[in-house]
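Working notes, beginning with the structure itself.
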Amino acid sequence: MKSHEVEYRITGGDLQVVEVELDPGETVIAEAGAMCWMDGDIEFAARMGDGSAADGGFFGKLLGAGKRLVTGESLFMTHFTNQGQAKASVAFAGQVPGHVVPVDLAEIGGELICQRDAFLCAARGTRIDVAFSKRLGAGFFGGEGFVLQRLRGDGLAFVHAGGAVVRKELQGGTLRVDTGCLVAFTPGVSYDIGLSGGLKSMMFGGEGAFLAALSGHGTVFLQSMPFNRLADRITALIPEKK
């Protein structure tokens, strides 16, 4: 299914929101709870599946929804449709302070692999599926790196990055990253998990025992403030009850 051609505007500095403008009849899909506000002509409905295959049937939608449960996301996705006669807008934001990254899937080869919490919203026609790490070791030791989401299509998709977002271009080299700092990467980039260093460094270095290794040719999106790191810091500052 060809994706709907939506327009957008990103507002804010460190607490960004993306406002998606829809022509009459156009739809944008989003994770549950991501919507901030919308015009009166926008109607929304929770549905199983992303709507990329209108003729997929009930069992096809059920299978796709079941895969989403593996990522820890809601069984349903929310579809926002402009039912009016003029342009109308709906706005979305992430759950933590950060930036919204717009990605034109047609320009990057039609596919984007992202962390399970990174996807925010996309034009209808975008297929959202599960992409597992290639090696089982990544599942045991990679933390967030075990289950990844694959976005496929030819339209706009939006992902959310905590803190500052950094874009790295790989030209055949390797980039080693804390698994929580990885947001997304494009086709041509391979993903693996490796030891962060020697035994002493792993136990006392404070960087964790394992790092993600990204190599090949393509684009990697990184974030400076993963939610788990922020949550751990806040938890450590909460006084213990006596």
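Worth knowing before you read on, the calculation uses all heavy atoms, side chains too, and leaves out hydrogens, waters and symmetry mates.
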Would you indicate whether E5, at its atom CD, is surrounded by more than 12 heavy atoms from other residues, nucleotides or ligands within a distance under 6.0 Å?
no

Indicate, with yes or no, if [Y] and [X] share a hydrophobic cluster defined by side-chain heavy-atom contacts under 4.5 Å among Ile, Leu, Val, Met, Phe, Trp and Tyr.
X	Y	value
L151	V6	no
L105	V183	yes
I29	I42	no
F119	V18	no

Close side-chain approach of I128 and M77, heavy atoms under 4.5 Å:
yes

Any side-chain heavy atom of L214 within less than 4.5 Å of one from L182?
yes

For F221, what residues pass the ring pair (Phe, Tyr, Trp, His ring centres under 6.0 Å) criterion, not counting sequence neighbours?
none

Salt bridge R150-E111, side-chain N to carboxylate O under 4.0 Å:
yes

Residues in side chain to side chain contact (heavy atoms under 4.5 Å, CB included) with E107, at least two apart?
D104

Donor-acceptor check, side chain of E43 to backbone of G84, threshold 3.5 angstrom: yes or no?
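The answer is no, because no donor-acceptor pair under 3.5 Å joins these two groups.
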
Kindly assign one of parallel, tilted or perpendicular to the pair F185 and Y191, based on the angle between their ring planes and the thresholds 30° and 60°.
parallel

T219 side chain to E169 side chain, donor-acceptor N/O pair below 3.5 angstrom:
yes

Could you pull out all donor-acceptor pairs under 3.5 Å where a side-chain atom in residues 87-100 meets a protein atom, sequence neighbours excluded?
unit_1, atom_1, unit_2, atom_2, d
K87, NZ, D23, OD1, 2.5
H99, ND1, G163, O, 2.6
H99, NE2, G13, O, 2.9

First locate atom CZ of F44, then atom CE of M35, and finally report the distance between them rounded to the nearest 0.5 Å.
5.5 Å

From CA spacing to verdict: salt bridge (charged side-chain N to carboxylate O under 4.0 Å, His left out), D129, R152:
CA-CA 8 Å; D129 209 343; R152 290 176 174 169; 5.2 Å; no

